[in-house]
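Below is one structure, written out as structure tokens; comments come after it.
Numbers here are sequence positions counted from 1.
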Amino acid sequence: MKNVATQGLSRRGFLAGAAGVGALAAMGLAGCAPQAKDASASGAANAAEAQAADAANVQADWLGSAPEIAEGDIVETKSTELLIVGAGNGGMAAAATAADLGLDFTICEKTGSVQKTRHWFGAINTKYTEAAGAHVNEQQLLNEFSRYASGQCDQRVIRVWIRESAEVTDWLDPILTSAGMTCAFDNDIDHATGGTSFALFPMEHYYSGKDAAGESLERNKVLLAYINEKGYDVTYNHKLVKLVQDDSGKVTGAIFETGDGYVRIDAEKGVLLTTGGYNSNAEMLRACNPLVDRCVTLQYGSPNNVGEGIKAAMWAGGQKDSIGAPMIFDRGAVKPGENAGIISEPGEVATFVGTDKQFNLGSQPFMKVARDGRRFVNESTPYDFCCFAAAEHEGGVFCQVFDSNLKEDVKRFSTIGCSRQTQQLLAKEADTPIDDIYAAELEKGVMVKADTIDELADKLGFEGEAKEAFLAEVEKYNGFYDAQDDADFGKEAYRLSALRTAPFYGVWYGGSLLTTVDGLRINEDMQVVDADAKPIEGLYAAGDCSGSVFGNNYPEYIVGCACGRTITFARHAVRHMAGDLA
């Protein structure tokens, strides 16, 4: 076996195409970088070479080169059938599947514990769906998914989630329910939404419950207990450094950095990357998701997700999605005058001006205006649409305003997905004054209150022409409510509201970044593919480090699809390696 890690594989040699590994062609490497503006006159071959070199230079800051690690620096070598890298939503599902199949597997996590659970789990035509008589048209769903991505996806990969997620629910449900968790199936979709005829699908699955000590149960912790009972455990404090390949380019294992030095783990059946996205890597965000730097004010994802798995696979010849896809929610509350954008220094974890948790109220379709005091978007659209639109305006932020009829308005809006948490909160606090419900936000100054619209404008920071525009916009918006017709942006009538009943409130928002969902291109068996779309033997990816599914955005109205595909793809990958698929 030849350890690629010992060869000092350089960027130049990598682009030139090391035998058996597969060169990273211009498309694969340049996916996050501008193309060369001019090319040599000596022909297409030279033009392509110049383009690739230009892209390589642009990406050098974040991709770098595979580190050189001598055999003598490896303090221990282990062997396993299946190596899983990352103990998050995908990794723990993969581990539980491998435990069921009796595989000799190792799951490595770079921190000292399993990662937090993303509870929303989207699955299609499950036993819950069928019992509710809410069967989903799978062809319509597949094409709606592709529409969100502007066709920049692999429909065969998406189809695996649609076809196999029901089986995943059948497998996962008894594990979770026996631990005390319950599944809440949300089928309360009795109206059109979105203003532009977005399709809605009843596929929400949220497991919740308490353990014997009264603590909230989490799926990943339940799955940890599940594999522990079967004699397996997570190997903690193992940070992925690079993958190991043989002479043919097959991935045969990985090298990890540990407290005792470098450890190599050889894997007979293959390596599954479930290492998450790169929401905390400022350089990657700027290169691959530039909109983040223009409209996000809050980092709400894991600080551990810095793209190590994506980079390791690219060093091994893997191809990354050429189109970025950030998962952004319109809930990053900031004080008046604060702007969107990454504020951390190069090399540091990506940070933003917002430091608090998400303020869910931002996802409600109230009137929203830019710094110039004017509306700029139909507020009744997926979470990230408003943030993307705000990026076209000063500061990349927007202001949401409402009056003391908040509770009645939110109930009428009847939003879906996790924005429904505001509706549930206000219903639960039906007799609690608004000021008491949002006392913390008012005290921090991210929510302001006023007795008049004029005073509200001042407190929100509108001055001069912007203030005049804001006051005029409020008057016009009240007219739209009276007429039940949004003549400017076509928002549904039932999602209009008046601004007449004091006191009045306002909040400035930017986007809240949860994760990135553009990653390594994969085929329908979750095998990472190279620049020619050929699978790299022995290398699989699932979850946010994998790609081929999303483009430009996260499809908010296809609720839970990210976590749903993560668990489904992780389980499929393990079964494929084990030869357990029909």
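Of all heavy-atom pairs spanning C563 and R118, the tightest one is SG-O, 3.2 Å. For the pair L298 and F352, the tightest heavy-atom approach, listed with the atom from each and the gap, is N-CB, 3.8 Å. Summarising the geometry of K250 relative to E268, their closest heavy-atom pair is NZ-O, 4.2 Å, with the distance given to 0.1 Å. The minimum heavy-atom distance between C288 and Y278, with the atom names listed, is CB-OH, 3.1 Å. Taking every heavy atom of both residues into account, W161 and I558 meet most closely at CH2-CG2, 3.8 Å. Contact detail for I522 and G547: the closest heavy-atom pair is CG1-O, 3.8 Å.
Across T351, T355, N279, a single residue satisfies side-chain hydrogen bond (donor to acceptor under 3.5 Å, both in side chains) together with Q299, and that is N279. A side-chain hydrogen bond (donor to acceptor under 3.5 Å, both in side chains) with Q115 is found for one member of N304, T274, N220 and no other, namely N304. The residue from N125, T126, T568, L176 that alone fulfils the side-chain contact (heavy atoms from CB on, under 4.5 Å) condition with T169 is T126. Considering Y557, F550, Y554 as possible partners of F145, the one that fulfils the ring-ring contact (aromatic ring centres under 6.0 Å, His included) test is F550.
Remark: the backbone N or O of P67 is paired with a side-chain donor or acceptor of K242 at under 3.5 angstrom. Within the 3.5 Å criterion, the main-chain N or O of V160 finds no donor-acceptor partner in the side chain of E524. N281 places a side-chain N or O within 3.5 Å of a backbone atom of E283 that can act as its donor or acceptor partner. With hydrogens and angles disregarded, a donor-acceptor distance shorter than 3.5 Å links the side chain of T297 to the backbone of G332. Side-chain atoms of T252 do not come within 3.5 Å of backbone N or O of D266 as any donor-acceptor pair. In this structure, E109 contributes its side chain and A87 its backbone to a donor-acceptor pair below 3.5 Å. The backbone N or O of D518 sits nowhere less than 3.5 Å from a side-chain atom of T516 that would complete a donor-acceptor pair. A donor-acceptor distance shorter than 3.5 angstrom exists from the side chain of H238 to the backbone of Y236, with no hydrogens or angles considered.
Counting heavy atoms from C-beta outward, R565 and V517 have side chains that approach closer than 4.5 Å. Side-chain contact check for L240 versus L273: some heavy-atom pair is nearer than 4.5 Å. Proximity of Y207 to D173: side-chain heavy atoms (C-beta onward) are separated by under 4.5 Å at one or more points. Side-chain atoms of R219 and I567, non-hydrogen and from C-beta on, do get closer than 4.5 Å to each other. Contact check for D530 versus Q319: no side-chain heavy atoms found under the 4.5 Å cut-off. Annotation: side chain of V306 is in contact with side chain of K110 (closest heavy-atom distance under 4.5 Å). Put simply, the side chain of M526 does not reach to within 4.5 Å of the side chain of M577, judged on heavy atoms. Residues C108 and T235 have side chains in contact (heavy-atom distance under 4.5 Å, counting atoms from C-beta outward).
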Steps toward side chain to side chain contact (heavy atoms under 4.5 Å, CB included) verdict (F385, E556): CA-CA 10 Å; F385 278 33; E556 180 252 312; over 6 Å; no
Would you sort out whether Y148 and N552 count as a side chain to side chain contact (heavy atoms under 4.5 Å, CB included), showing the intermediate values? CA-CA 8 Å; Y148 271 99; N552 302 305; over 6 Å; no
Intermediate values then yes/no, side chain to side chain contact (heavy atoms under 4.5 Å, CB included), E218 and H119: CA-CA 8 Å; E218 294 186 22; H119 284 292; 4.1 Å; yes
Between T566 and N89, does the side chain to side chain donor-acceptor pair (under 3.5 Å) criterion hold? Intermediate values first, please. CA-CA 7 Å; T566 293; N89 294 299; over 6 Å; no
Test side chain to side chain contact (heavy atoms under 4.5 Å, CB included) on D233 and N228 and set out the steps. CA-CA 6 Å; D233 202 355; N228 288 163; 3.3 Å; yes
Please test R147 against E144 for salt bridge (Lys or Arg N to Asp or Glu O under 4.0 Å), starting from the C-alpha separation and ending with a verdict. CA-CA 5 Å; R147 180 167 78 107; E144 183 75 358; 2.9 Å; yes
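Side-chain N/O atoms of S248 and D246 include a donor and acceptor closer than 3.5 Å. Side-chain contact annotation: T275 with E308, donor-acceptor N/O pair under 3.5 Å absent.
Note that OG of S548 is 12.0 Å distant from CD of Q152, once rounded to the nearest 0.5 Å. Distance CD1/I84 to CG/L272: 6.0 Å, rounded to 0.5 Å. Here CD1 of I69 is found 4.5 Å from CD1 of I255. Values are rounded to the nearest 0.5 Å. Within the model, atoms OG of S280 and CG of L285 stand 8.0 Å from one another, a figure rounded to the nearest 0.5 Å. A distance of 11.5 Å separates NE2 of H576 from NZ of K269, quoted to the nearest 0.5 Å.
The side-chain hydrogen bond (donor to acceptor under 3.5 Å, both in side chains) contacts involving residues 75-85 comprise T80-T106, where partners must be two or more places apart or lie in separate chains.
Atom NZ of K230 sits in a crowded spot, with more than 12 heavy atoms from other residues, nucleotides or ligands closer than 6.0 Å. The number of heavy atoms from other shown groups lying within 6.0 Å of NZ (K534) does not exceed 12.
Between R575 and E167 there is a salt bridge, with a side-chain nitrogen of the basic residue lying less than 4.0 Å from a carboxylate oxygen of the acidic one. For the pair D525 and R156, the salt-bridge criterion is not met [side-chain N within less than 4.0 Å of a carboxylate O].
With sequence neighbours left out, F105 forms a ring-ring contact (aromatic ring centres under 6.0 Å, His included) with Y232.
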